[in-house]
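Report on the following structure.
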Amino acid sequence: MAAPTITREAPPRRVPARRTRPGWLLLLPALVALVILFVVPLVNVVVDSFTEPSAGLGNYTSLFTDGYTLKVLGRTLVVAFTVAVVGGLLAFPYAYAMTLAGPMMRAVLVTVVLVPFWTSMLARNFAWLVLMQDGGVVQDILRFLGFGNVTLLGTTLAVGISMTQVLLPFLVLPMYTAMEQIDGRLVAAGQSLGAPKYRAFRRVYLPLARPGVLAGMSLAFVLALGFYVTPALLGSTRNAMIAQVINVRTKELLDFGGAGAMGMFLFVVTLVVLGLSRRMAGAVTGLVAPARSEKASEVRPWLRIYTTVVGFLLVAPTLVVIPMSFSSTQTFRFPPQGWSLRWYHELFTSPEWVASILNSLQVGFFTALLATLLGTAAAFGLARLSSRWRGPVNGFLLSPMIVPHILVALAVFSVALRLGLNGTLIGIILAHTALAVPFVVIAVTARLQGMDGRLTGVAASLGAHPVNAFRRVTLPLVLPGILSGAVLAFVTSLDEVVIALFLQAPGAITLPVQMFNSVTVQIDPTISAASSLMVVLVSVPILFAQIAGARRGNRGKR
Amino acid sequence: MNSPKTGGRLDLSGLVKRYGNAEPPAVDHIDLAIEPGEFITLLGPSGSGKTTTLNMIVGFTEPTAGRIELNGTDITRMPPHRRNFGMVFQNYALFPHLTVAQNIAFPLRERKVPATESATLVGNALELVDLAGMGNRRPHELSGGQQQRVALARAVVFAPSVLLLDEPLSALDRKLRQSLQREIKRLHQELGLTFVFVTHDQDEAMTLSDRIAIFNHGKIVALGTPTDLYHRPTTSFVAKFLGESNVFAGKRLGNDVYAWHDRKWAGVFPDDGHLIVRPERLVIAGDEQSVPTGHNTAPAEVTDVSFYGTFHRIELAFGDGAAGCAVLPVGAPASLAPGSRVVTHWRPEDQVLVAE
């Protein structure tokens, strides 16, 4: 079992950048695809925002003069800020508890944070709809606490609660990453130097955790700004948020200029907030990564309780969705009064639902295929670029991740409308491909960087032709990265609803869109079975990829 | 530096730390009186309870039972920040988000020392550890040795009465370790504080300490000056842990006769036990005839000879099969090769009787 040790000592960090021309060739398809699918539509939106309906800055001035628009902007900013702050207060102790827990408990806490990612966005919002409806569980709890009968659905409060839950993992994970780097003895050092425990925590621990806290909170803030599904399902038009107004202006009023100005506003705020948070965080360099003691530290009772509550909040929607799908009644009552498989029967026999499932699988498959081809080639190309170009090109390849989905939807919609791609699955596939390429690039790049760069040279010294060296050495080692990229692309497409909503037409309705319509257009409890199916469709590929990754993970690593 | 004239006096009595219901406890009824200004080293293998004891002194770990007194005042339950002890951690534990000067000023700010006075004290502390002018650097810009000097400066800048050092040199290479050992010794002499030093390195313990407390299985198994412990070990554990030893497992026949293998040895043997002879006391002869009268002898076979610059080290297998060693100064008439049969001998006063 000593074989893997031969590659242990300091290999070069990257695959050497010998020739850069093949690098550009490999990058070309992805770059062209992103320009056509992503940049051109966005530029089109910018142009529209200055020219439609008449040339000038009218659309932008009305953003800040029109009373209704101002109100929506203000409400969106306040909700997003509140969600980021409240979410941060929930996430910080949870992430802190993760660093204190023993290995078993930490595994449980990590899994709990990831559960929301495995539960589709729509399924989670549906669960909150069930929980917060009149006569629902949350209302019962509030009445029990003496608040009387509070109507939650349609209020900004309901939207905020659901958004906070949906965004919690994005807050916990960056915080945990930062906190994990902090040497626990630094607080002890502070105490030995005369600081009481709370002051040592404030003067030593908090400044060190700050980059993670800022990263998490600003990410949650910008994601919250562009939320469409949650306010559309749980809020109402009276307290609309910016994404809802963009939707109405685009799809009902065909006011591309006005919607475009709003989308650009969203985008600029996103860039400014992310830029500022990076500046402010000022990454603390030279943290001594502590030798983690596998002994659990003492977790105080209040932290234990708090963590349990937050953990429960993270898994609650998933715990609602699955039992709901076995309900025997026509209503969304939770817990269900009786049990049956009728909604599954409905899901797999009703022509609309079956068509939407098949559409989603088709879109997901082709998105995964295209994104994997483009992204894998791009990642290999990236590794061959000189370091001067690698940063900017990588930034461009990942840029679809930071543009709010509602803006992408608007951009793609207006282009698709002009090209007649509306109402076809191709439009959805192409838009999803642009969104999914970054995930593949990240997964494959991570794998390439983890690979010992000398191995292809070793293969060559053993007489392998470069093509064979690639086929027999590089490819098998990078394959887990490609597979997990493909899975992420598939899942991204499967769970994506905003763009699919914009591009929907009678022949092109994906499962999330069908679910969305089944709540907003007609009340159809089949959505609960569909939600459970989504949980399975999302979590099975991820689990599969993780198991495959774990099995192959140790091979050829540094 | 406004150092007090004398360090604090520490008294540990009946100190116990038990994790859960673990048996035996991590620290098992320790009694130790540490004199003002003394340099005491807690020495022992890992898991012997020395670091747990240190953590109880500084206040990070609460004892299960027992008392800790500082100058006669009970501080057993006092939180660490009020004890006014300096502590130097393994791997330095410098605050990465603060500069060197801010690190050193940290304890002064906690004590509300005015800014101007604080700046002077920080400057003095930097000079004390030979880092003048480095105040604006960040910890990660310094070498390991420099970081440890900053940690030292930070731990003494507020004039604590006791300085606790938890394996402060273990992360450094040999050369640096030696120069920092001298530095620590000098600081001890200049500041006059009580130093409590934890290490598993016996050479470090021997060169630095006034007294050494040897820990094993949560107990102090020996306490004394380095020379005392080296020349008159009381148990074979101490003899083997502090320096090297040839251990002869024989049998006491009477008050002045000890039997080993096929030999009878002279000496004073009040109790039963093992006989210890240090390698540098062992002399090697080619045959029995050249052994001076009155010396005790043991036959052996040379298994290996290695050259160390200032001395030769001879590995031996004694008549009863036990392994041992001797050191010979370079230049000694030694035509020893592995495989040669020799007779080792020593004066009876060079042997020590120890409990098994």
Side-chain angles (χ1 to χ4, degrees), chain A residues 99-100 102 104-105 175 177-215 277-301, chain B residues 19-20 51 54-55 57-62 78-100 102-113 137-142 144 147 150-151 153-160 162-166 171:
Chain A
T99 64
L100 298 184
M104 268 302 287
M105 198 58 218
M175 288 189 193
T177 310
M179 290 178 183
E180 206 194 5
Q181 310 275 319
I182 300 175
D183 188 340
R185 287 170 318 167
L186 290 175
V187 175
Q191 283 176 273
S192 81
L193 296 169
K197 189 146 193 203
Y198 73 94
R199 277 186 53 86
F201 193 81
R202 197 167 65 74
R203 285 189 61 192
V204 178
Y205 199 87
L206 282 189
L208 292 172
R210 205 177 66 158
V213 172
L214 279 175
S277 84
R278 272 185 81 162
R279 285 285 290 274
M280 275 165 63
V284 180
T285 42
L287 282 177
V288 184
R292 179 180 277 294
S293 72
E294 287 301 321
K295 201 171 60 186
S297 314
E298 281 171 71
V299 181
R300 299 191 177 263
Chain B
Y19 290 104
T51 298
L54 192 79
N55 281 334
I57 296 175
V58 73
F60 294 147
T61 303
E62 197 173 310
M78 185 187 275
H81 66 274
R82 289 180 44 214
R83 296 193 182 196
N84 213 33
F85 292 169
M87 171 128 178
V88 179
F89 292 77
Q90 204 176 353
N91 295 20
Y92 334 126
L94 297 179
F95 303 128
H97 60 303
L98 303 178
T99 63
V100 166
Q102 285 167 337
N103 260 286
I104 300 174
F106 188 100
L108 301 174
R109 235 186 95 182
E110 286 303 327
R111 288 168 176 77
K112 310 219 159 41
V113 175
R137 304 271 184 98
R138 295 265 172 180
H140 68 94
E141 296 169 322
L142 304 181
Q147 291 190 35
V150 175
R154 185 179 70 174
V156 299
V157 69
F158 56 98
V162 176
L163 183 65
L164 307 161
L165 304 103
D166 183 12

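Basis for what follows: all heavy atoms, side chains included, without hydrogens, waters or symmetry-related copies. In what follows, chains carry the letters A, B, and so on, assigned in the order in which the sequence lines appear, proteins first and then strands, with residues in each chain numbered from 1. Note that this is a predicted model, so its numbers are computed, not measured.
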Legend entry - Flag side-chain contact, heavy atom, 4.5 Å: A:P207 against B:F95: no

Inset, instruction - Please look at A:R199 and chain B and tell me whether the side chain, the backbone, both or neither of the residue comes under 4.5 angstrom of a heavy atom of that chain. - result: side chain

Inset, instruction - Find the distance between CD (B:E141) and OG1 (B:T99) and round it off to the nearest 0.5 Å. - result: 10.0 Å

Legend entry - Top contributor to chain A contacts, counting heavy-atom pairs under 4.5 Å, from B:R111, B:R109, B:R82: B:R109

Inset, instruction - Flag the pair A:D183 / B:Y92 as yes when at least one side-chain heavy-atom distance between them is below 4.5 Å, and no otherwise. - result: no

Inset, instruction - Among B:L165, B:L163, B:V58, find the residue that satisfies the side-chain contact (heavy atoms from CB on, under 4.5 Å) test when tested with B:M87. - result: B:V58

Legend entry - Under 4.5 Å from any heavy atom of chain A - which part of B:F89: side chain

